[in-house]
Amino acid sequence: MAKYDFDVGVLGGGSGGLTVAAGAAQLGAKTLLIDKEGKLGGDCLHFGCVPSKTLIMTSRVRHIMKRAGHFGLPEVELPLVDFRNVAKRIQRVIGMIQRQDSEERFCKLGARVEFGESTFVDEHSLRLNGKNYSAKNWVIATGSSPSIPPIKGLDKTPFITNREIFSLEQLPKSMIILGGGPIGTEMAQAFSRLGTNVTVIQRPGQILHKEDKDMADMVMNVLRSEGVTFYLNASIESTQDTGSEREVIIKTAEGSTVTLRAETILVATGREANVGGLGLERIGIDFDKKGIKVDARMRTNHKHIYAIGDVNGKYLFTHAAGYEGSIVVSNAIFHLPRKADFTNLPWCTYTDPELANIGMNEAMANAAGIEYSVWTEEFRANDRSLAEGEEVGKIKMLLDVKENPIGVQILGPHAGELVSEWVAVMNGKVRFSSLVSAIHPYPTLGEINKKVAANFLSTKIFSDKVKKGLKFLFNLKGRTCG
Ligand SMILES: Cc1cc2nc3c(=O)[nH]c(=O)nc-3n(C[C@H](O)[C@H](O)[C@H](O)COP(=O)(O)OP(=O)(O)OC[C@H]3O[C@@H](n4cnc5c(N)ncnc54)[C@H](O)[C@@H]3O)c2cc1C
């Protein structure tokens, strides 16, 4: 140990880095945690998951208020939104969660926390605030930043990203969103519901282009019905600042040129790994534009340096970063050669209705050349969903040729919560007969999970073969109607 100052050094105090630092310190490893910002929590807490989900809830409340008549209540006239109050609520929620991610808490757990910009000087040491720190193992968990596309004029046109959107001084009257991925789509609905006139420009032929088209189109149709305008298969030619407004010139799918104007442009065209300034070239770490290259144990080409979370460019989710952090703790602290397995990775886009996934969707199964069958159930056949005024959405279950589930997608109310039952079913290899025969409370949205499995099982149970057998054994007399 004398050889190095620390057992583990962690660069980046976000979802991934905090998992490693907490785990390593509690297991007795001498741990150093460094973040370049003056606070812990990372993008998820300050500019990502937490502010976006808080904003989404505020916009949902307003949306429900607008639909008061639908619930048998008197219609209400809604005053304009003062975004400063929305932003204050966002900061309150961040503040509550920040306590969990405070320097004091990590210090209590046994980790030393330092803030500042650091750079590797050799494979085991880095320089921070004028001092060198060495560690036996390093974990790079520096996250990602918005990727700004090279669009003509964009460098001279004011725009915002996820770094600014949650602390605006006022609600924009209009907003053009460049990019119809999860961030662009969630923000489109949230701002539209608050009263902003929103237009989304998307290069692929569907929004949420990693999702199956049928599910993504259903989300888009909901947003369209709420007033969001979409341009799909559109390319952005240029942008400019006209003084009072921002202008975006696009080429549409039909080949025509359209000039769009709005008060604000939100750039949500993807993410790029935070690798700059770390001195990775100096120590010969393998990385490209997508991120730092790692193996299944999250090790870089230097086996004692790990890279987890957004910075490795694999799965850009908080829970993926946390999971990868636990892989590092197993490898670096327990010295167990544990590999990451993303077969049953769940994820969710928090539009209303939400779109949640686990495992493979049809696009992924087709790309992998896997044969599958699809089983569905609609939310309009779920009693609780109807009681809650939610009629849009469905669950889609994919089975392989051995009739094992390889993936489930849920588009519906609280889909992100509903998919958790599939986390247990798929990871625990629970048999459908157990899922279907287990008692689920009525009326709940969760019954849809049981129902889709029952749709599959019923083709076996209510088959002609079974009916013939029962008739033969017990002399059943058959149909009484029709
Ligand atoms: C708007 C938005 C909404 C999102 N919503 C969701 C969601 O609902 N669910 C979900 O799972 N994911 C969501 N994400 C993605 C999620 O935020 C990331 O996947 C997650 O934060 C990645 O964790 P991380 O530890 O890799 O990086 P981060 O959490 O970003 O942490 C990186 C840390 O490294 C620090 N750092 C950067 N460079 C250096 C350096 N040179 N030296 C030291 N420290 C450095 C940063 O200050 C930061 O604290 C969302 C992202 C955005 C932008």
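Quick note: residue numbers are just sequence positions, from 1.
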So [Y] and [X], do their side chains get closer than 4.5 Å, heavy atoms only?
X	Y	value
I448	L418	yes
D214	L411	no
I160	T264	yes
S52	Y350	no
L266	F159	no
V392	N221	no
L232	M220	yes
I140	I292	yes

Inset, instruction - Could you walk me through whether D288 and K293 pass the salt bridge (charged side-chain N to carboxylate O under 4.0 Å, His left out) test, one step at a time? - result: CA-CA 8 Å; D288 61 19; K293 304 239 167 72; 3.4 Å; yes
Give a yes or no on whether a salt bridge exists between [X] and [Y], defined as a side-chain N under 4.0 angstrom from a carboxylate O.
X	Y	answer
R384	E388	yes
R246	E263	no
R163	E37	yes
R112	E114	yes
D101	K39	no
R60	D352	yes

Inset, instruction - Going by the side-chain contact (heavy atoms from CB on, under 4.5 Å) test, name the single residue among I305, L126, T300 that passes it with I283. - result: I305
Inset, instruction - Check whether the ring centres of F83 and F191 lie less than 6.0 Å apart, and answer yes or no. - result: yes
Inset, instruction - For N427 and N344, run side chain to side chain donor-acceptor pair (under 3.5 Å): C-alpha distance rounded to whole Å, both residues' side-chain angles, the deciding distance at 0.1 Å, then the answer. - result: CA-CA 7 Å; N427 286 290; N344 293 329; 3.3 Å; yes
Using modelled atom types and a 3.5 Å cut-off, is there a donor and acceptor pairing between side-chain atoms of [X] and backbone atoms of [Y]?
X	Y	answer
H124	A135	yes
E247	R261	no
R282	F120	yes
T269	S147	yes
S102	Q98	no
R203	G179	no
E354	T349	no
N162	P146	no
T142	N274	yes
D43	G48	no

If you measure only the distance, is there a donor-acceptor pair under 3.5 Å linking the side chains of [X] and [Y]?
X	Y	answer
R193	S59	no
R127	S118	no
D310	S144	yes
Q189	H63	no

Legend entry - Partner of E362 by salt bridge (Lys or Arg N to Asp or Glu O under 4.0 Å), out of K210, K396, K213: K396
Legend entry - Straight-line distance of H302 NE2 to L280 CG, nearest 0.5 Å: 9.5 Å
Inset, instruction - Drop me the distance from D82's CG to L171's CG, to the nearest 0.5 angstrom. - result: 9.5 Å
Legend entry - Intermediate values then yes/no, side chain to side chain donor-acceptor pair (under 3.5 Å), E164 and T161: CA-CA 6 Å; E164 297 81 22; T161 66; 3.0 Å; yes
Enclosure of [X] [atom1] (heavy-atom neighbours >12, cutoff 6.0 Å):
X	atom1	answer
K66	NZ	yes
R105	CZ	yes
R67	CZ	yes
K290	NZ	no
K136	NZ	no

Inset, instruction - Apply side chain to side chain contact (heavy atoms under 4.5 Å, CB included) to F106 and L40, showing your working. - result: CA-CA 10 Å; F106 277 82; L40 301 176; 4.0 Å; yes
If I compare all heavy atoms of [X] with all of [Y], which pair ends up nearest, and what's the gap?
X	Y	value
M360	L398	O-CD2, 3.6 Å
A190	I56	CB-CG1, 4.3 Å
A188	L223	CB-CD2, 4.2 Å
D35	G12	OD2-C, 3.7 Å
M426	P405	CE-O, 3.8 Å
A216	Q206	CB-NE2, 3.5 Å

Inset, instruction - Kindly indicate whether a cation-pi arrangement holds for R299 with Y306, taking the cut-offs as under 6.0 Å to the six-membered ring centre and within 45° of the axis. - result: no
Inset, instruction - Output, in order, the C-alpha distance, side-chain angles, deciding distance and verdict of side chain to side chain contact (heavy atoms under 4.5 Å, CB included) for V219 and D217. - result: CA-CA 5 Å; V219 174; D217 283 353; over 6 Å; no
Inset, instruction - Look at the rings of F342 and Y315 and say which category their plane angle falls in: under 30° parallel, 30 to 60° tilted, over 60° perpendicular. - result: tilted
Inset, instruction - Apply side chain to side chain contact (heavy atoms under 4.5 Å, CB included) to the pair H46 and I94, showing each step before the final yes or no. - result: CA-CA 7 Å; H46 299 286; I94 291 175; 3.8 Å; yes
Inset, instruction - Could you walk me through whether T229 and V200 pass the side chain to side chain contact (heavy atoms under 4.5 Å, CB included) test, one step at a time? - result: CA-CA 6 Å; T229 304; V200 178; over 6 Å; no
Inset, instruction - Could you go through the salt bridge (charged side-chain N to carboxylate O under 4.0 Å, His left out) check for D295 and R297 one step at a time? - result: CA-CA 5 Å; D295 64 12; R297 290 163 65 182; 5.7 Å; no
Inset, instruction - Before giving the answer on side chain to side chain donor-acceptor pair (under 3.5 Å), spell out for N361 and Q409 the whole-Å C-alpha distance, their side-chain angles and the decisive distance to 0.1 Å. - result: CA-CA 7 Å; N361 57 25; Q409 294 85 55; 5.6 Å; no
Inset, instruction - Could you please spell out the steps behind the side chain to side chain donor-acceptor pair (under 3.5 Å) verdict for T157 and T239? - result: CA-CA 7 Å; T157 313; T239 67; 2.9 Å; yes
